[in-house]
Amino acid sequence: MGVIIPIILVAFATLIAWLLFKHMRMRHVLRHLNQPRSYPIVGHGLITKPDPEGFMNQVIGMGYLYPDPRMCLLWIGPFPCLMLYSAELVETILVSNKHLDKGFAYRLLEPWLGKSILTSRKSQWRPKRKLLTPTFHYDILKDFLPIFNEQSKILVQKMCCYGKEDKIDVLSFVTLCTLDIICETSMGKSIGAQLSENNEYVWAVHTINELVSRRTNNPLIWNTFIYNMTDDGKTHEKCLRILHSFTKKVILERKDALKESGYKMEGRLAFLDLLLDMVQSGQMDETDVQAEVDTFMFEGHDTTSTGLMWAIHLLGNHPDVQRKVQAELDEVMADEEDVTTEHLSRMKYLECVLKESLRLCPSVPIIMRELNEDQVIGGVNIPKGVTLLLNQYLVHRDPAQWKDPEVFDPDRFLPENSVGRKPFAFIPFSAGSRNCIGQRFALLEEKVIMTHILRHFDVTSVEPMHEVRPKMEIIMRPVTPIHMKVTRRRPIVSP
Ligand code: HEM
């Protein structure tokens with residue numbers, strides 16, 4: 001007993017000394033990179049703003065402070081994060097098949113999303129991606145159009161209840177619609193969120209988003225044991241209970257229904273049916289199914305609702321652009337109510353509007369990658385162990401690629417105006433082999449919902465663009481809710 005304690009103490013001290021040595025060596029190697037003054041161990045911890053709005057301002061400020069080369073270093077505690085914000089630099093990483101592991105923040109999503117396609121490491125990710133890619137084939141997605149139309153019509157009906165002077169909270173309004181859509185498309189279950197108030201699931205998704213972002217910026221609460229003792233940790237647990245019990249229940253119900261039908265895959269299939277079929281054929285197990293369903297539920301509604309919210313806000317501040325989209329939609333749709341694939345292919349200007357909106361306000365403002373081996377970036381050798389922050393928000397504002405980057409101008413995306421632009425200058429869905437698997441789904445859904453709204457209403461934004469302050473969580477949202485006012489353009493047809 002007498003020697004054990006000194007041995008443990010010496011081993012512990014050696015470990016600390018080794019970690020310190022590694023940390024100081026990393027600081028030395030990275031000392032020439034653009035960066036504000038930082039200190040060993042705490043890094044930029046003394047100056048990093050803990051709130052998502054302050055953090056966003058700092059990160060953007062760093063981009064403007066260090067315009068050339070478009071990369072700079074941020075120390076989150078002892079961990080070095082290299083932020084990249086030009087099309088060329090992000091391309092170096094996104095085209096490489098070596099750097100496919102996500103950063104530490106994604107591990108904080110694991111209690112909720114498990115080891116899903118979004119969170120898993122390269123070796124586990126590859127087979128999952130291969131299995132899941134066919135479920136996003138256009139032939140499957142187009143079967144979802146009736147759901148997109150039906151839910152959009154409910155949204156429009158609800159909008160009719162508002163008078164010209166009423167202010168509508170855009171995000172909470174569209175979120176319920178995208179939630180209903182993702183539940184029905186991914187799980188084959190209608191939860192009627194649009195028609196019921198105070199949805200517990202919506203509360204849990206939003207709250208866990210805020211909690212994970214807060215935790216990412218604070219290494220002191222990364223440890224699960226410590227985190228679970230904090231107030232945030234307890235709320236996190238509560239969110240997990242709500243989120244998991246909901247998806248678990250739906251999966252069980254669907255499994256039973258499939259069993260009863262003798263595993264007949266007929267009619268319109270939800271993603272869940274395709275996943276359960278993979279369980280039947282031994283390609284997946286049930287834990288995988290739960291993880292993927294939770295991931296689709298999160299990625300598939302929060303991103304699109306925020307995207308729609310920003311698009312509505314921008315159109316409501318640009319009546320000239322709005323009239324132009326409405327003219328296109330009136331011509332394409334004529335007297336028809338439901339959007340079809342043929343209509344969608346003709347909505348060229350609406351597509352430009354949605355892209356320009358994703359350029360200025362990407363729903364996912366930053367993605368992470370972990371360097372598992374050394375990589376030359378912008379002519380500098382960056383050692384393994386550094387986390388990369390690929391900042392889409394700033395890439396989309398690079399003046400070398402975008403003239404007057406702060407101006408909302410959908411015409412930039414017309415084919416004749418896109419000539420010569422670097423392919424990685426516009427990456428709201430990331431790019432390369434680990435890009436967004438749901439991007440086609442997202443654009444189809446956004447087009448259908450916007451068509452229904454803009455055909456029936458003129459939209460005015462209550463807040464001018466310069467008054468809206470975004471905050472950087474996993475998803476980019478406004479600090480305070482943004483509102484619209486609506487005036488009816490044509491009669492409404494019941495869903
Ligand atoms: C406007 C809407 C959307 C935006 C802006 C968006 C953006 C992104 C981005 C930037 C990534 C890369 C994340 C990273 O590398 O860390 C991603 C990945 C992903 N997205 Fe989306 N997304 C949208 C909609 C959707 C939808 C509707 C779904 C599903 C129905 C979806 C499912 C996924 C999945 C599963 C991944 C992980 C892919 C992988 O790692 O292989 N997304 N998304």
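Just follow the structure's listing: the first ligand is 1, and inside any ligand the first atom is 1.
- Contact annotation: for Lys102 versus ligand 1, heavy atoms closer than 4.0 Å belong to the side chain alone.
- Residues Arg129 and Pro127 have side chains not in contact (no heavy-atom distance under 4.5 Å, counting atoms from C-beta outward).
- Distances between N or O atoms of Gln392 and those of ligand 1 include no value under 3.5 Å.
- With respect to atom 40 (O) of ligand 1, the closest heavy atom belonging to the protein is Arg434 NE, 2.9 Å.
- The nearest heavy-atom contact from the protein to atom 34 (C) of ligand 1 is Ile437 CG2, 3.7 Å.
- In terms of protein heavy-atom proximity, atom 28 (C) of ligand 1 is nearest to Gly438 CA, 3.7 Å.
- Atom numbering of ligand 1 starts at 1 in the shown order; those under 4.0 Å from a heavy atom of Tyr106 are 14 (C), 16 (O).
- With a 4.5 Å cut-off on side-chain heavy atoms, Met368 and Leu388 do not count as touching.
- Under 4.0 angstrom from ligand 1, the non-hydrogen atoms of Ile117 come from both its backbone and its side chain.
- Distance alone, capped at 3.5 Å, is enough to place a donor-acceptor pair between the Gln401 side chain and the Lys422 backbone.
- Residues Gln124 and Lys115 have side chains in contact (heavy-atom distance under 4.5 Å, counting atoms from C-beta outward).
- For atom 6 (C) of ligand 1, the closest non-hydrogen atom of the protein is Phe429 CD2, 3.6 Å.
- Every atom of ligand 1 with a heavy atom of Gly300 under 4.0 Å away is listed here by number and element: 26 (C), 27 (C), 28 (C), 29 (C), 30 (C).
- The atoms of ligand 1 that sit less than 4.0 Å from any heavy atom of Ser430 are 10 (C), 12 (C).
- With a 4.0 Å heavy-atom cut-off, ligand 1 is reached by the side chain of Arg369 but not by its N, CA, C or O.
- Within the cation-pi definition used here (under 6.0 Å to the ring centroid, within 45° of the axis), Arg359 qualifies as a partner of Trp402.
- When side chains are defined from C-beta on, Glu445 counts as touching Ile181, because their heavy atoms get closer than 4.5 Å.
- Sorted by first and then second residue, the pairs that involve residues 288-313 and meet ring pair (Phe, Tyr, Trp, His ring centres under 6.0 Å), not counting sequence neighbours, are Trp112-Phe298, Phe136-Phe296, Phe271-Phe296.
- The single protein non-hydrogen atom nearest to atom 13 (C) of ligand 1 is Ile367 CG2, 3.7 Å, given as residue, atom name and distance.
- The atoms of ligand 1 that sit less than 4.0 Å from any heavy atom of Arg129 are 38 (C), 39 (C), 41 (O).
- The shortest N/O to N/O separation between Phe136 and ligand 1 does not fall below 3.5 Å.
- A side chain to side chain contact (heavy atoms under 4.5 Å, CB included) with Ser305 is found for one member of Thr178, Leu179, Leu176 and no other, namely Thr178.
- By heavy-atom distance, the residue among Glu292, Glu299, Arg440 lying nearest atom 31 (C) of ligand 1 is Glu299.
- Here's the thing with Ser363: none of its N/O atoms is less than 3.5 angstrom from an N/O atom of ligand 1.
- Heavy-atom proximity to Phe441, at under 4.0 Å, picks out these atoms of ligand 1: 27 (C).
- Met187 places a side-chain heavy atom less than 4.5 Å from the side chain of Val293.
- Only the backbone of Pro428 comes within contact range of ligand 1, with a heavy atom under 4.0 Å; no side-chain atom does.
- For atom 24 (C) of ligand 1, the nearest protein heavy atom (residue, atom name, distance) is Thr303 OG1, 3.3 Å.
- Side-chain atoms of Met26 and Pro383, non-hydrogen and from C-beta on, do get closer than 4.5 Å to each other.
- Remark: ligand 1 atoms within the under-4.0 Å shell around heavy atoms of Glu446 are 1 (C).
- Looking at Cys436, Ser116, Ser305 and measuring to atom 19 (C) of ligand 1, the nearest heavy atom belongs to Cys436.
- Here the protein heavy atom with the shortest distance to atom 37 (C) of ligand 1 is Leu118 CD1, 3.6 Å.
- Checked against the 6.0 Å centroid threshold, Phe148 and Phe441 count as a close aromatic pair.
- Neither the backbone nor the side chain of Ile427 has any atom closer than 4.0 Å to an atom of ligand 1 (non-hydrogen atoms only).
- Looking at ligand 1, you won't find any N or O of Thr295 less than 3.5 Å from one of its N or O atoms.
- Other residues, nucleotides and ligands contribute more than 12 heavy atoms inside 6.0 Å of the NZ atom of Lys158.
- Two residues are said to be in side-chain contact when any heavy atoms from C-beta on lie closer than 4.5 Å; Leu371 and Thr387 fail this criterion.
- Looking at Tyr66, its side chain does come within 3.5 Å of a backbone N or O of Gln35 through a donor-acceptor pair.
- Backbone and side-chain nitrogen or oxygen atoms of Glu445 are examined, and none is located within less than 3.5 angstrom of a nitrogen or oxygen of ligand 1.
- With contacts defined as side-chain heavy-atom distances shorter than 4.5 Å, the pair Val321/Tyr349 qualifies.
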